[in-house]
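Read through the structure below, which is laid out as C-alpha cells, and then see the notes.
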Amino acid sequence: MFPQNIFLNYRTEEIAQMLLGHYLCRETDQGLVSGIIVETEAYLSKNDEACHASRGKTKRNAAMFGPAGRAYIYFIYGSCHCFNVVTGPEGKGEAVLIRAVEPVKGLAIMRELRKRAVRAEELVNGPGKLCQAFSIDRSLDGHNLSEKPLYLKENRAICDQMKVIATPRIGISKAEDKQLRFIVRGSKYLSRRESV
DNA sequence: GTTAAGATCTGCT
DNA sequence: GCAGATCTTAACG
C-alpha cells in the first residue's frame with residue numbers, strides 16, 4: 001500500500017510534499033474510485049493558528065491527535081467535508097489536508113456522486129468536491145489509510161518527474177503568510193491556478 | 001440553551 | 001469575480 005515509516009520519519013510539511021503524485025483509492029458501493037494527489041496543505045500544531053489543533057484537543061479534532069497515517073475528516077460550512085491525513089507523533093495534532101486529485105479511475109462514479117456532469121478538471125479540484133466524489137464522510141474519521149476501503153497507494157515513478165512548488169494556504173483567516181500549500185507544477189487539476 | 005464562526009461550493013452578475 | 005447558502009462545532013451564559 002503506502003510506506004508507513006514515512007509518517008514516522010519526516011515532518012508534516014515534508015510529508016505534505018511527499019504525498020503529491022501518489023494515489024488515493026476509495027472502494028465505494030458503486031466501485032473503485034482513484035486519483036493522483038496534486039494539491040495538499042500542511043497544518044502544524046505549533047505556531048499555526050489556522051490549525052484546528054492549535055486550541056487543544058476536542059471531540060471534533062480528536063482523530064488529529066491519533067496515530068499518523070489515519071484519516072481526520074470534518075464537516076464545515078453546512079455542506080462540505082474535508083479529508084486530512086494525520087501526521088506527526090501521536091498526541092501532537094498535525095495533519096495534511098488533501099485539497100485536489102487528478103481523476104484516474106471511476107470517473108463515471110465520481111460524476112454520479114457529485115450529481116453534476118462537469119469536466120474532469122472540475123470533478124475533484126477542491127476539498128469538499130473530493131469528499132463528495134470519493135464518498136468520504138465522518139464515518140471514515142480515524143480510519144487507517146493503509147486499509148480498505150480508503151487507502152493511499154505508492155506511485156514512485158511519477159514522483160521523480162514532477163516539480164513541487166509551495167504557496168500560501170487557501171480559505172483561512174489566520175497565519176495566511178505561511179507557505180504550507182504544496183501543488184504539482186503545471187497540473188490542470190488544482191483548486192486554484194498557480195500563484196508564485 | 002444560545003450564538004458566532006468556519007481549512008467551501010454554487011450560481012449569478 | 002463575488003455574495004449567499006447552510007449546519008456543525010465550540011465557547012459562553
Side-chain angles (χ1 to χ4, degrees), chain A residues 11-17 19-20 24 35 37-66 68 70-88 92-103 110-143 145 150 152 164-184 187-195:
Chain A
R11 289 178 295 134
T12 296
E13 53 269 49
E14 292 174 321
I15 295 169
Q17 299 173 61
L19 285 173
L20 294 171
L24 177 66
I37 299 170
V38 295
E39 180 174 345
T40 63
E41 284 181 6
Y43 284 87
L44 312 178
S45 64
K46 289 189 175 179
N47 301 320
D48 188 0
E49 287 292 313
C51 180
H52 286 170
S54 68
R55 291 182 183 175
K57 187 176 179 178
T58 64
K59 187 179 178 183
R60 176 174 72 160
N61 65 22
M64 216 173 175
F65 290 85
R70 302 280 181 101
Y72 164 46
I73 298 158
Y74 65 92
F75 195 60
I76 195 168
Y77 295 131
S79 59
C80 309
H81 290 278
C82 289
F83 168 60
N84 298 249
V85 177
V86 178
T87 60
K92 194 169 185 187
E94 300 199 334
V96 174
L97 170 70
I98 309 298
R99 290 189 54 87
V101 304
E102 176 179 335
M110 292 186 200
R111 289 202 170 90
E112 193 179 319
L113 289 167
R114 297 249 0 245
K115 295 174 181 172
R116 234 162 251 288
V118 295
R119 293 178 298 143
E121 292 89 340
E122 298 177 354
L123 217 40
V124 280
N125 61 338
K129 297 173 183 177
L130 184 144
C131 288
Q132 244 191 326
F134 277 61
S135 190
I136 294 172
D137 61 29
R138 283 167 303 173
S139 66
L140 288 166
D141 192 35
H143 172 76
L145 293 172
L150 177 65
L152 296 165
V164 174
I165 58 179
T167 77
R169 291 176 294 184
I170 291 173
I172 55 176
S173 55
K174 298 167 185 170
E176 290 178 289
D177 56 315
K178 294 180 187 294
Q179 303 274 311
L180 290 172
R181 172 177 176 244
F182 303 100
I183 61 179
V184 174
S187 172
K188 298 174 184 175
Y189 302 92
L190 305 174
S191 64
R192 311 250 175 130
R193 292 304 178 97
E194 296 176 22
S195 56

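Below, read A as the first sequence line, B as the second, and so on, with proteins coming before strands; counting in each chain starts at 1. Computed over heavy atoms, backbone and side chain alike; hydrogens, waters and symmetry mates excluded.
- With centroids closer than 5.5 Å and planes inclined by less than 30 degrees as the test, Y74(A) and the base of dA7(B) fail to qualify as a stacked pair.
- One can place CG of L44(A) at 15 Å from P of dA7(B), the figure rounded to the nearest angstrom.
- What separates CZ of R169(A) from C1' of dT8(B) is a distance of 16 Å, to the nearest Å.
- The minimum heavy-atom distance between L150(A) and I136(A), with the atom names listed, is CD1-CD1, 4.2 Å.
- For S173(A) and dA5(B), the shortest distance from a side-chain N or O to OP1 or OP2 is not below 4.0 Å.
- At whole-Å resolution of the value, NZ in K174(A) and P in dG6(B) are 6 Å apart.
- With a heavy-atom cut-off of 4.0 Å to chain A, the contacted part of DNA chain C has its first and last nucleotide at dT6(C) to dA10(C).
- When the P atom of dA5(B) is taken as reference, atom CD1 of I76(A) falls 14 Å away, rounded to whole Å.
- The closest side-chain donor-acceptor pair between E102(A) and S187(A), if any, does not fall under 3.5 angstrom.
- Taking the side chain as every heavy atom from C-beta outward, M110(A) and F134(A) approach each other to under 4.5 Å.
- The shortest distance between side-chain heavy atoms of V85(A) and T40(A) does not fall below 4.5 Å.
- Defined by atom type and a distance below 3.5 Å, a donor-acceptor pair is present between the side-chain atoms of S45(A) and E94(A).
- Along DNA chain C, the nucleotide nearest R55(A) and the nucleotide nearest G78(A) are compared for position; the residue whose nucleotide lies closer to the 5' end is G78(A).
- Counting heavy atoms from C-beta outward, F182(A) and I37(A) have side chains that stay 4.5 Å or more apart.
- Between P103(A) and V124(A), the shortest heavy-atom contact is CG-CG2, 3.7 Å.
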Item to complete: Start with the C-alpha gap between E39(A) and I170(A), add the side-chain angles, then the distance that decides, and say whether side chain to side chain contact (heavy atoms under 4.5 Å, CB included) holds.
Response: CA-CA 11 Å; E39(A) 180 174 345; I170(A) 291 173; 4.3 Å; yes
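- Between the CD1 atom of I136(A) and the P atom of dT8(B) there is a distance of 16 Å, rounded to whole Å.
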Look for any protein N or O under 3.5 Å of an N or O in nucleotides 9-13 of chain B and output each such pair with its distance, or none.
residue: dC9(B); atom: OP1; partner: P127(A); partner atom: N; Å: 3.4
residue: dC9(B); atom: OP1; partner: G128(A); partner atom: N; Å: 2.9
residue: dC9(B); atom: OP1; partner: K129(A); partner atom: N; Å: 3.2
residue: dT10(B); atom: OP1; partner: R114(A); partner atom: NH2; Å: 2.4
residue: dG11(B); atom: OP1; partner: R116(A); partner atom: NH1; Å: 3.1
residue: dG11(B); atom: OP2; partner: R116(A); partner atom: NH1; Å: 3.3

For DNA chain B, the expected dot-bracket line (Watson-Crick or G-U under 3.5 Å, [ ] crossing, | inter-strand) is ||||||.|||||.
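- Looking at heavy atoms from C-beta onward, D48(A) lies in side-chain contact with R169(A) at the 4.5 angstrom threshold.
- Considering all non-hydrogen atoms of both residues, C51(A) and M64(A) come closest at SG-CE, 3.4 Å.
- Remark: P of dA5(B) and CZ of R60(A) are 15 Å apart, rounded to the nearest angstrom.
- In this pair, Y74(A) and H52(A) present their aromatic rings perpendicular. The plane angle is above 60°, beyond the 30 to 60° band.
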